[in-house]
Structure formats: C-alpha cells, structure tokens
Amino acid sequence: MLFSYSSSQSITVQTPAKLNLFLSIDQKRSDGFHDITSLMLSVGIYDTLVFMEEPSSGVKLQVVEANSLLPQQANKKTGIPSGEDNLVVQAIRLLQTKTGTRQGIRIQLTKRIPSEAGLGGGSSDAAATLFAANKLWQLGLSLNELQKLAAELGSDVPFFLTESSSAICRGRGEIIEPVSVPHCLHFVVVRPTTGLSTADVYRQCRVGSHSNKQVELLVQNLSSGQFHSLYSLILNDLQIPAETLNSEILTLKDFFSKQSVLGHMMSGSGTAYFGICHNRAQARQIAARLRSTIKGSIFVVQNRL
C-alpha cells in the first residue's frame, strides 16, 4: 500500500518498509529460487520518491540520504546505486520494454529505509516506480498488470502494490493473500552497521519443516489481539544462515533476549532485527537502551492499519 499525491508536473510517493513476522523456506525451485511462505506487515519507515517528466527518453535518478541530505554521488558511504543496478531504474526499464514507450523520467529518491536490511526498501521503491510511471505516462495498466511486472523484479515487490498493509505471500512472493491485523503493534527496529546480501543468505539457507497451520495461527492471534503466543509462532528460516554470515545479528539477538518483549527476530534476509513491544512507551525505553550500547540505525515504529 503506497501513499501518493500529484501536481500538474510531478507525482510524489511515500513508500513503506516491511517486517516479516513469518518466513519459511518451503522448497528449492528448478529455476534456482525458493518457494516461501511469509507474513509481511508494512511499517512506518518511509522512502520518498518524486517523479517528473523528462524531455528526453532518458532515466535520471538522484539518490539522497535523508540523514546526510547529500546526493548519493557525493556520499560514497551509502552503497546505494543510482544507475542500472538500482531496482528503481530496473522497474522503469521493464515498463519501457513491456509497453514500448519511449518517454523519459526524472526521479529523486530520498532514502530513509536502510539498505541490505531485510526491510524491503528497494522493493518498495520499485513498486512505487511502476505505480507512478504508469500514472505519469498515462499507460493505463491495471493494478493486476503492475503486480505481474513487479513479480519479475523481485519476490517482495508485488506485496507493496496490494491494497492491504499485511499479507501472507507464497510462491516466490507473488501469490498474495491479504490478511487483517487490526491491532496496533509497536516495534523497535535496529539495522546494525553492516548489511547482508539477500543472495548470500539464500545460498546458505536450508528448506524448513514447518506446518502451514503455524502462519495461519499467527494471523488468527494477531487478528484477535492474543499477543501472548507471538514468541512461539514468529519464525524466520533465514536467521540461522544470516547469523553465520554476520555476528552483529547475534549481538542483537542476545540484547533482545534480555528484554521483556512479546517476541524478537530478524526481518527478511537481514541484517535488521526487531522486537515486538507491549506498548509504545516500552518501545521507546528499549530504543534508548539500544542507542547507548549498539551502533546502527534505530527506529520506533508501528504497523500500518
């Protein structure tokens, strides 16, 4: 679910991050990818993209780090590409190829969602790009058509084009079942100083052996407000391989195990780690403790209802 607003000359889109409260690796596919079952919730960390028409047929992307307010080209520490390696540019190229349009576009991307974190920032940005370019260029593609294009870009991208802020995603992530999580959940999210490549983590993963009923029971308890069982129901099959690749995840796991939270886990392929708190006051208290002991980006957020 994306927030957007338009003027006569531009479209601005706020793109949320996501957390995985459940992520099982179900089987390895013949195409080299994995079938997964994942419960995703969008949460209140946002990138901002501004889309404007470009007189040429070119694609011009400027990436700005919200913390530094410096263009990405001048801030070498970001590691966020502004060329063809960026999913935003890839989304535009895919849309141009599929529709045959030769129209150009200028995009300014303000990054607040940390990269290499398992928070879906790149996927969310790519979804916003498909949505906005379709509107700006007046291509007339339906939401279903955009979701099919999104699935070609990455496993998480279709989720951000659904009308629901929470969903069970299956297959490579393209089979989406919206679910209701009507209660406000409070999270502390930490992205440590180092990240992880999604491909590297998946290369180390193993197929799990979990019942389909576990994710369904998790959704039922979230829907009814029975949070006492979250600790035993949340799951991430990628966490153990990620821990072998990055010791900062183990440090965060140890920290959260000493807090009286409802549950804690790594999101996606990491390295972001989150704790589910009893209320916002507890989330702020834990965030304050983290800031005094852990280096990295720390957020106090809620799920989007």
Side-chain angles (χ1 to χ4, degrees), residues 17-28 33-43 45 113-123 154-156 159 166 168-170 172-173 185 187-215 217-219 221-222 227 229-277 286 290 294-299 301 303:
K18 60 82 178 170
L19 293 175
N20 301 83
L21 267 61
F22 189 94
L23 177 54
S24 67
I25 307 301
D26 300 332
Q27 65 177 358
K28 184 144 186 199
F33 292 94
H34 293 80
D35 280 329
I36 64 169
T37 299
S38 179
L39 173 61
M40 296 189 197
L41 274 66
S42 58
V43 296
I45 312 170
I113 304 171
S115 59
E116 295 187 332
L119 297 175
S123 297
S155 298
D156 294 342
F159 167 72
S166 51
I168 298 174
C169 303
R170 295 185 173 89
R172 275 188 59 195
L185 295 169
F187 300 94
V188 176
V189 182
V190 189
R191 196 283 199 178
T193 55
T194 55
L196 275 173
S197 158
T198 298
D200 288 347
V201 177
Y202 268 95
R203 272 192 287 269
Q204 300 292 326
C205 77
R206 297 290 181 269
V207 174
S209 56
H210 312 290
S211 167
N212 288 333
K213 293 182 179 180
Q214 185 171 338
V215 69
L217 183 57
L218 175 58
V219 170
N221 288 2
L222 287 168
F227 300 146
S229 62
L230 295 185
Y231 208 101
S232 61
L233 292 175
I234 60 175
L235 170 82
N236 188 345
D237 278 339
L238 295 180
Q239 182 162 328
I240 290 176
E243 288 173 355
T244 67
L245 296 170
N246 191 306
S247 62
E248 289 195 284
I249 299 168
L250 288 168
T251 301
L252 290 169
K253 180 181 179 180
D254 179 66
F255 173 89
F256 276 99
S257 69
K258 297 172 182 174
Q259 314 300 315
S260 59
V261 292
L262 294 166
H264 59 89
M265 193 171 66
M266 187 185 79
S267 182
S269 58
T271 53
Y273 205 96
F274 65 89
I276 311 172
C277 301
I286 292 175
L290 279 164
I294 302 287
K295 291 183 178 180
S297 301
I298 300 167
F299 306 88
V301 298
N303 58 313

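The analysis underlying the following values was restricted to heavy atoms, covering all of them including side chains, and did not include hydrogens, waters or symmetry mates. Residue numbers run from 1 in the order of the sequence given.
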**Message:** Using modelled atom types and a 3.5 Å cut-off, is there a donor and acceptor pairing between side-chain atoms of K18 and backbone atoms of G118?
**Reply:** yes
**Request:** Mark yes or no for whether R191, through its side chain, and T193, through its backbone, hold a donor-acceptor pair below 3.5 Å.
**Result:** yes
**Message:** Could you report the tightest heavy-atom contact between G268 and N236, atom names first, then the distance?
**Reply:** O-ND2, 3.0 Å
**Request:** Ignoring hydrogens and angles, tell me if any N or O in the side chain of S155 forms a donor-acceptor pair with the backbone of G173 under 3.5 Å.
**Result:** no
**Message:** Can you give me the closest heavy-atom contact between H264 and Y273, atom names plus distance?
**Reply:** ND1-OH, 2.8 Å
**Message:** With side-chain contact (heavy atoms from CB on, under 4.5 Å) as the criterion, how do L119 and S267 come out once you've worked through the C-alpha distance, each side chain's angles and the decisive distance to 0.1 Å?
**Reply:** CA-CA 7 Å; L119 297 175; S267 182; 4.2 Å; yes
**Complete:** Output for pair (D200 CG, C205 SG), nearest 0.5 Å, gives 12.0 Å
**Message:** What I want to check is whether the side chains of T37 and D26 have a donor and an acceptor closer together than 3.5 Å.
**Reply:** yes
**Contact check, side chains of V188 and C277, non-hydrogen atoms, under 4.5 Å** = yes
**Request:** Measure the shortest side-chain to side-chain distance between L196 and I249 over non-hydrogen atoms and say whether it is less than 4.5 angstrom.
**Result:** yes
**Request:** Ignoring hydrogens and angles, tell me if any N or O in the side chain of Q27 forms a donor-acceptor pair with the backbone of D35 under 3.5 Å.
**Result:** no
**Asked** Do N303 and S166 have side chains that get closer than 4.5 Å, going by heavy atoms?
**Response** no
**Item:** Residues forming a side-chain hydrogen bond (donor to acceptor under 3.5 Å, both in side chains) with E116, sequence neighbours excluded
**Value:** none
**Asked** Which atom names give the shortest non-hydrogen contact between I113 and A17, and what distance separates them?
**Response** CD1-N, 3.6 Å
**Message:** Quick check against the 3.5 Å criterion: does Q259 have a side-chain atom that pairs as donor or acceptor with the backbone of F255?
**Reply:** yes
**Item:** Any side-chain heavy-atom pair of L218 and L39 under 4.5 Å
**Value:** yes
**Message:** Distance check, rounded to the nearest 0.5 Å: S42 atom OG versus F159 atom CZ?
**Reply:** 5.0 Å
**Fill in**
Heavy-atom nearest pair, L233 first then Q214, reads O-NE2, 3.0 Å
**Request:** Would you indicate whether the side-chain heavy atoms of I276 and Y231 approach each other to under 4.5 Å?
**Result:** no
**Closest contact, heavy atoms only, P241 versus V201** = CB-O, 4.1 Å
**Request:** Carefully, step by step, assess I25 and I36 under the rule side-chain contact (heavy atoms from CB on, under 4.5 Å).
**Result:** CA-CA 5 Å; I25 307 301; I36 64 169; 3.9 Å; yes
**Request:** Kindly compute the distance separating OG (S38) from CG (L41), expressed to the nearest 0.5 Å.
**Result:** 9.5 Å
**R170 CZ to I168 CD1 distance, which is reported to the nearest 0.5 Å** = 5.0 Å
**Prompt:** How about L222 and L185: do any of their side-chain heavy atoms sit closer than 4.5 Å?
**Reply:** yes
**Prompt:** Is there a donor-acceptor contact under 3.5 Å linking the side chains of N246 and T271?
**Reply:** no
**Asked** Can you name the nearest heavy-atom pair linking M265 to N20, along with the distance?
**Response** CE-O, 3.1 Å
**Message:** Quick one, K295 and E248 - any side-chain contact, counting heavy atoms below 4.5 Å?
**Reply:** no
**Prompt:** How about L250: does its CG atom have over 12 heavy atoms from other parts shown lying under 6.0 Å from it?
**Reply:** yes
**Request:** Under the side chain to side chain donor-acceptor pair (under 3.5 Å) rule, what do S229 and N221 come out as? Steps first, then yes or no, please.
**Result:** CA-CA 8 Å; S229 62; N221 288 2; 2.4 Å; yes
**Message:** Nearest 0.5 Å, please: how far is CG in L252 from CD in E243?
**Reply:** 10.5 Å
**Request:** Indicate yes or no: at least one non-hydrogen side-chain atom of F299 is less than 4.5 angstrom from one of P114.
**Result:** yes
**Fill in**
Hits for ring-ring contact (aromatic ring centres under 6.0 Å, His included) against F22, two or more places apart or cross-chain, chain-then-number order -> none
**Plane angle bin for F274 and F187 - parallel if under 30°, tilted between 30 and 60°, otherwise perpendicular** = perpendicular
**Message:** To the nearest 0.5 Å, what is the distance between CG on L19 and CE on M266?
**Reply:** 12.0 Å
